[in-house]
Amino acid sequence: MTKLKIAVQKSGRLSEKSLELLKECGIKLSNGDRKLKTEASNFPIEVLFLRDDDIPQYVEQGVADIGILGENEVWEKDKNVSTVEKLGFAGCKLSLAIPKDENYTNLNYFEGKRVATSYPKILGNFFKSKKLNVEIEEIGGSVEIAPGIGLADGIFDIVSTGSTLLMNGLKEVEVVTKSEAVLISNPNLPENKKLILEKLLFRIRAVRNSSENKYILLNAPNESIKAISKILPGMKSPTVLPLAEEGWSSIHSVVKEDQFWDIIDQLKEKGAQGILVVPIEKMIL
Ligand code: ATP
Ligand code: MG
């Protein structure tokens with residue numbers, strides 16, 4: 001039987017979340033003690049554990065059909081792969097930083113300077129688009145020590161909290177781009193593998209929708225139903241059920257997690273009571 005081969009990071013910041021996503025999609029992996037590969041018992045998929053740097057190349061060559069990795073690696077490696085879905089985890093910034101006592105006004109600061117990075121392609125394209133001449137020093141890791149040892153005037157690297165920069169006497173001066181985990185695919189998958197990918201994508205979207213949405217139930221006087229329905233559009237429109245108490249109804253709907261607190265305030269203004277908000281396990285649109 002045809003199996004879709006998916007590459008995930010062997011160990012690092014993406015590994016756990018990648019496997020968790022597959023699990024939430026109902027895919028059971030035989031005890032993943034992170035060998036080289038493992039198979040699912042209930043879905044036509046095989047998981048390959050690799051270094052994230054290698055995933056674009058393997059997906060381009062068809063060693064793996066699809067893969068999960070940070071967009072930053074996809075851009076840097078610039079292989080012939082398609083990005084099929086953003087996955088909403090491992091978010092980070094790719095930023096320029098310089099020694100904290102330096103005066104910084106704007107990007108022209110970097111003209112004629114040296115910048116150390118593990119992402120020479122992304123940075124080279126950026127400076128080119130800004131028509132700046134900057135010398136790029138490619139180094140494999142520990143980029144943040146480069147200015148301190150006289151290797152460069154500044155750095156370009158992944159920043160999440162900024163604590164690494166601070167510890168090395170640096171300050172972030174420009175956010176060049178933002179990255180998150182994505183699902184990439186070989187652009188020439190055969191039809192039978194495309195079908196498996198579609199099935200997987202359907203599940204991934206259901207999982208992501210469910211984590212972004214909450215189910216909400218509340219009681220309201222009948223005269224408020226119209227106003228409340230406007231605040232709570234739901235998937236189609238809210239469900240309205242009569243309560244045993246005359247003149248009152250129970251209203252059910254779905255709200256976006258990030259709009260939740262705003263909506264609650266508006267609902268209370270319209271006379272809503274007994275508001276319950278519960279997690280959604282899966283959501284199919
Ligand atoms: P590998 O051994 O697989 O090459 P790595 O050391 O290159 O691993 P990790 O540090 O595990 O990679 O990071 C993997 C990805 O996680 C990054 O490419 C980036 O997309 C994302 N990421 C999110 N936050 C951070 C962060 N604070 N530091 C580094 N990477 C981060
Ligand atoms: Mg790597």
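Both counts, for ligands and for their atoms, begin at 1 and track the order of listing.
Against a heavy-atom cut-off of under 4.0 Å, Gly70 is close to the following atoms of ligand 1: 20 (O). Near Gly12, with a cut-off below 4.0 Å to any heavy atom, the atoms of ligand 1 are 11 (O).
Residue contacts with ligand 1 for Gln9 involve side-chain atoms from C-beta outward but no N, CA, C or O (heavy atoms, distance under 4.0 Å). Both the backbone and the side chain of Asp52 come within contact range of ligand 1, each with a heavy atom under 4.0 Å.
Scanning all protein heavy atoms for the shortest distance to atom 31 (C) of ligand 1 gives Arg13 CD, 3.3 Å. Closest to atom 2 (O) of ligand 1, if we only count protein heavy atoms, is Arg51 NE, 3.3 Å. Of the protein's non-hydrogen atoms, the one nearest atom 27 (N) of ligand 1 is Ser160 OG, 2.6 Å. For atom 24 (N) of ligand 1, the closest heavy atom belonging to the protein is Cys92 CB, 3.7 Å. Protein heavy atom at the shortest distance from atom 18 (O) of ligand 1 is Asn72 ND2, 2.9 Å. For atom 23 (C) of ligand 1, the nearest non-hydrogen atom of the protein is Ala90 O, 3.5 Å.
The main-chain N or O of Ile184 is never found under 3.5 Å from a side-chain atom of Thr83 such that the two would form a donor-acceptor pair. The backbone N or O of Arg114 sits less than 3.5 Å from a side-chain atom of Asp153, completing a donor-acceptor pair.
Using a 4.5 Å cut-off on side-chain heavy atoms (C-beta onward), Phe156 and Ile122 make contact.
Lys256 pairs by the salt bridge (Lys or Arg N to Asp or Glu O under 4.0 Å) definition with nothing, not counting sequence neighbours.
For Lys77 and Glu60, the salt-bridge test fails: no basic side-chain N is under 4.0 Å from an acidic carboxylate O. With respect to Lys3 and Glu46, no salt bridge is recorded, no charged nitrogen being found less than 4.0 Å from a carboxylate O. Ion pair Lys113/Glu135 not flagged as a salt bridge, since none of the NZ, NE, NH1 or NH2 atoms sits closer than 4.0 Å to an Asp/Glu carboxylate oxygen. A salt bridge links Lys86 to Glu71: at least one charged side-chain nitrogen sits closer than 4.0 Å to a carboxylate oxygen. A salt bridge links Glu212 with Arg208: the closest approach of a Lys/Arg side-chain nitrogen to an acidic carboxylate oxygen falls below 4.0 angstrom. With respect to the salt-bridge test (charged N to carboxylate O, under 4.0 angstrom), the residues Lys17 and Glu20 do not qualify.
Within the cation-pi definition used here (under 6.0 Å to the ring centroid, within 45° of the axis), Lys121 does not qualify as a partner of Tyr119.
Closer than 4.0 Å to atom 12 (O) of ligand 1 lies at least one heavy atom of the protein.
Of all protein N, O or S atoms, those under 2.8 Å from the Mg ion (ligand 2) number 2.
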